[in-house]
Amino acid sequence: MKISKPRGTRDFLPEDTKKRRYVESILRQVVKNWGFNEIITPTFENLELFTLKSGEGIVGELYNFKDKGDREMTLRPELTAPVMRMYVNEMQAYQQPLKLFYFENCFRYERPQKGRFREFWQFGVELIGSKRADADAEAIALASEMLKSVGIKGDLHVNNLGVIRHLLSVLETEHQSKIMRLVDKKDDTGLNDFLEDINAPADLRMKLLELICLTGEGAVTKARELVGNIPEIETFQELLTLLDTYGVEYTINFGIARGLDYYTGTVFEIYAEGLGAQNQVCGGGSYQLIQLFGGGDVPSTGFGLGFDRIMEVCELEAPDDKPVVIIAKDSTRLDAVKVATKLRLHMPVYNDLMKRNFKAQLSHANNIGARHVVIIGEQEVEAEKVTLKDMSSGEQELLTIDEVIEKLTCK
RNA sequence: GCCGGGGUAGGGUAGCGGUUAUCCUGUAGCCCUGUGGAGGCUACGAUUCGAGUUCGAUUCUCGAUCCCGGCCCCA
């Protein structure tokens, strides 16, 4: 009787894990160099944390459960809300801006497909305390740099929601939200119908439809013509100038909306090729969530990277471990253990655990890709040395253990 | 929740009503107990699960399940 793994989860074999850890280590190095500090939050949280942020509707997509104390819990579906909760609970007195990052698994009860799993990993950054374009620009530049560091060419689209919000400000709040959702979905007919339903002014309707199609060069100028010289445009222009200075390539896209009300201004998405329908590898922007969780009026900006999607398109190869295999005879196995113990302070070492004969041990060493083997037989024990054999050249020489360490570690 | 396409040893496959279920690879061992990569031999190991049709099902039908792709959703 075999037990299969739960739907939408994955086993990572040694080769997979090695590559994942390697890519992870590169991303970690980049965020650290940008001055961000890692945090860890619980794997499960009170259900309310997420319904508060995203509405009751998301419960259907959650891995939620009641614990033995009858509390409504859920495995975390994302990490922005937990980080905000953590900030409100424990970090409000910290120096701002807070520069935080996390790399954790998340859980969503969804139908698996390419680039979508029920357990997946998010690498995210939250920058708390600054509402300036400088913070948004740093977040975007960092996201861009992270992808670049692992060899992924992403297509970055940026927008400032303040512009479209300004245009819609004459409408009721609920209508505004609804329109933002329709724009996010790129549901043009739905949008038209809705504008018809609420009897939106013809002038606004025309401007809106024109605005959300604005993209690429000259889009800012055209937007300015549509909505006038409002502060939101100036902020957006400031962000773009900063991005230019960072050397980040981007596409202006007034059609990116993000369906949720807590996004305040800057929003961005990054897409990568080769991922099928789920081609977004990064999404983020500036948002206002802290008040919702009982904190002050603190602006934040952040983004999440879909680590699994990155792995899907990342072509980096993890460096080789260069294992050393010790080959011994039955009569010298204890000597082999002693030598292994010394060598293990410096390098990965394999010892025979199968009581293989001499030839089979050598063959096994070859099969697992050993660069070198260390032979310990009666002759070597007698001479208080070992034989080091280079597996690719076949050359071998009699050396002391210290000489072996010296020789293998300096390469 | 919806729509397609799939599921045969650990991995890759052939068979498409009756076979000892094919071959490649893998793993372990032997040929060969102080020198690997080749070769030969041996062993291990599979029809996703459950119903139905049939004398007989890996093969046909239905259901479940999982995988792959897409829709919805995407915090």
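Proteins come first, then strands; the chains are lettered A, B, ... in the order of their sequence lines, and each starts at number 1. Please read all numbers here as calculations on a predicted model, not as lab measurements. Scope of the values below: all heavy atoms of this structure, side chains included, with no hydrogens, waters or symmetry mates.
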- Query: Are A:Lys329 and B:G34 close enough that a side-chain N or O sits under 4.0 Å from OP1 or OP2?
  - Reply: yes
- Rounded to whole angstrom units, what separation is found between the CG atom of A:Asp330 and the P atom of B:U33? 14 Å
- A:Leu275 CG to B:G70 P: how many Å, rounded? 10 Å
- Message: Nearest to the side chain of A:Phe358, heavy atoms from C-beta on, is which of B:G36, B:G34, B:A75?
- Response: B:G34
- Candidates B:A75, B:U35, B:C72 - which lies nearest the side chain of A:Arg116: B:C72
- Message: Expressed as a whole number of angstroms, how long is the span from A:Asn367:CG to B:G29:P?
- Response: 11 Å
- Counterpart base for B:C60, defined by Watson-Crick or G-U wobble contacts under 3.5 Å: B:G52
- Decide yes or no, distance alone: a donor-acceptor N/O pair under 3.5 angstrom between the base of B:G34 and the side-chain of A:Glu380. yes
- Query: Do any pairs count as a ring pair (Phe, Tyr, Trp, His ring centres under 6.0 Å) and have a residue in residues 269-324 of chain A, sequence neighbours left out, and if so which ones?
  - Reply: A:Phe103-A:Phe307, A:His157-A:Tyr271
- Kindly indicate, with the supporting measurements, whether the criterion side-chain contact (heavy atoms from CB on, under 4.5 Å) is fulfilled by A:Ile375 and A:Val386. CA-CA 6 Å; A:Ile375 298 171; A:Val386 298; over 6 Å; no
- Task: Give the rounded distance in Å between these two atoms: CZ of A:Arg356 and C1' of B:U27.
- Result: 10 Å
- Item | Opposite nucleotide pairing with B:A38, Watson-Crick or G-U, both atom distances under 3.5 Å | none
- Nearest-Å distance, CG (A:Asp390) to P (B:G36)? 16 Å
- Message: Under 3.5 Å, is there any donor-acceptor pair linking the side chain of A:Arg10 to the base of B:C67?
- Response: no
- Name the pairing partner of B:C74, where a pair is Watson-Crick or G-U wobble with both distances under 3.5 Å, or state none. none
- Query: Do we get A:Arg118 above A:Tyr109's six-membered ring, with its NZ or CZ under 6.0 Å from the centre and within 45° of the axis?
  - Reply: yes
- Message: What's the closest nucleotide to the side chain of A:Glu61 if the choices are B:A75, B:G37, B:G34?
- Response: B:A75
- Query: Any side-chain N or O of A:Arg7 under 4.0 Å from OP1/OP2 of B:C67?
  - Reply: yes
- Does any nucleotide pair with B:C66 by Watson-Crick or G-U wobble geometry, both distances under 3.5 Å, and what is it? B:G6
- Query: With both distances under 3.5 angstrom, what nucleotide forms a Watson-Crick or G-U wobble pair with B:A43?
  - Reply: B:U27
- Message: Does atom CZ (A:Phe65) have a neighbourhood of more than 12 heavy atoms from anything else shown, all under 6.0 Å?
- Response: yes
- Item | Residue met sooner reading RNA chain B from 5', once A:Pro112 and A:Gly276 are mapped to nucleotides | A:Pro112
- Message: What is the separation between atom NZ on A:Lys114 and atom C1' on B:C3, rounded to the nearest whole Å?
- Response: 19 Å
- Message: What contact category does A:Ser363 fall into here, base, sugar-phosphate, or nothing, at under 4.0 angstrom with non-hydrogen atoms?
- Response: sugar-phosphate
- Kindly say if A:Arg76 contacts the phosphate of B:A75, meaning a side-chain N or O under 4.0 Å from OP1 or OP2. no
- Of the candidates B:U33, B:G70, B:A28, the side chain of A:Asn357 sits closest to B:U33
- Query: According to the Watson-Crick and G-U wobble definitions, with both distances under 3.5 Å, which nucleotide is paired to B:C32?
  - Reply: none
- Item | Candidate nucleotides B:G36, B:G34, B:A75, ranked by approach to the side chain of A:Leu362 - the nearest | B:G36
- Taking A:Asp136 as the fixed residue, which of A:Thr301, A:Thr235, A:Asn160 is the one that meets the side-chain hydrogen bond (donor to acceptor under 3.5 Å, both in side chains) rule? A:Thr301
- When all nucleic acid strands are considered with a 4.0 Å heavy-atom cut-off, which category describes A:Leu260: base, sugar-phosphate, or nothing? sugar-phosphate
- A:Leu52 near the nucleic acid: base, sugar-phosphate alone, or nothing, with a heavy-atom cut-off under 4.0 Å? nothing
- Query: Rounded to the nearest 0.5 Å, what separation is found between the CD atom of A:Glu406 and the NE2 atom of A:His346?
  - Reply: 10.5 Å
- Message: Regarding A:Gly394, tell me which of base, sugar-phosphate or nothing describes its non-hydrogen contacts under 4.0 Å with the strands shown.
- Response: base
- How would you list, by chain and number, every residue that makes a side-chain contact (heavy atoms from CB on, under 4.5 Å) with A:Ala219, sequence neighbours excluded? A:Leu214, A:Ile252, A:Phe254
- In terms of heavy-atom contacts, does CD of A:Glu249 have more than 12 from other residues, nucleotides or ligands at under 6.0 Å? no
- Message: Take a 6.0 Å sphere around NZ of A:Lys153 and say whether it holds more than 12 heavy atoms from other residues, nucleotides or ligands.
- Response: no
- Under 4.0 angstrom between A:Lys389 side-chain N/O and B:U35 OP1 or OP2: no
- When all nucleic acid strands are considered with a 4.0 Å heavy-atom cut-off, which category describes A:Ile327: base, sugar-phosphate, or nothing? nothing
- P gap between B:U8 and B:A46, integer Å: 14 Å
- Message: Which nucleotide, if any, forms a Watson-Crick or G-U wobble pair with B:A21, using both distances under 3.5 Å?
- Response: none
- Task: Could you check whether A:Gln280 gets within reach of a base, just the sugar-phosphate, or nothing at all, counting any heavy atom under 4.0 Å?
- Result: nothing
- Query: Rounding to the closest angstrom, what is the interatomic distance between B:G34 and B:G26 at atom P?
  - Reply: 26 Å
- Query: Using 4.0 Å as the upper bound for N to carboxylate O, is an ion pair formed by A:Glu78 and A:Arg108?
  - Reply: no
- Note on the structure: The residue, A:Ala277 or A:Ala360, whose nearest nucleotide of RNA chain B is more 5′ is A:Ala360
- Query: Ignoring hydrogens and angles, does a donor from either the side chain of A:Arg108 or the base of B:A75 sit under 3.5 Å from an acceptor on the other?
  - Reply: yes
- Can a side chain N or O of A:Arg111 be found less than 4.0 Å away from OP1 or OP2 on B:G69? no
- Query: Looking across every strand, which nucleic acid part, if any, lies under 4.0 Å from A:Tyr263 by heavy atom: base, sugar-phosphate, or nothing?
  - Reply: sugar-phosphate
- Task: Describe the nucleic acid contact of A:Gly306 in one word from base, sugar-phosphate, nothing, applying a heavy-atom distance below 4.0 Å.
- Result: nothing
- Message: What is the separation between atom CD1 on A:Ile368 and atom C1' on B:U27, rounded to the nearest whole Å?
- Response: 15 Å
- Near-strand residues of residues 154-168 of chain A, defined as heavy-atom separation under 4.0 angstrom from RNA chain B: none
- Message: Out of the candidates A:Arg165, A:Arg258, A:Gln288, only one should pair with A:Tyr263 under the side-chain hydrogen bond (donor to acceptor under 3.5 Å, both in side chains) rule; please name it.
- Response: A:Arg258
- Item | Under 4.0 angstrom between A:Lys359 side-chain N/O and B:G36 OP1 or OP2 | yes
- May I ask you to say what A:Phe50 touches in the nucleic acid, namely base, sugar-phosphate or nothing, with a heavy-atom cut-off under 4.0 Å? nothing
- Message: Measure CD/A:Glu78 against C1'/B:A75 and give the value in whole Å, please.
- Response: 5 Å
- Donor-acceptor pair under 3.5 Å: do we get one between A:Gln361's side chain and the base of B:U35? no
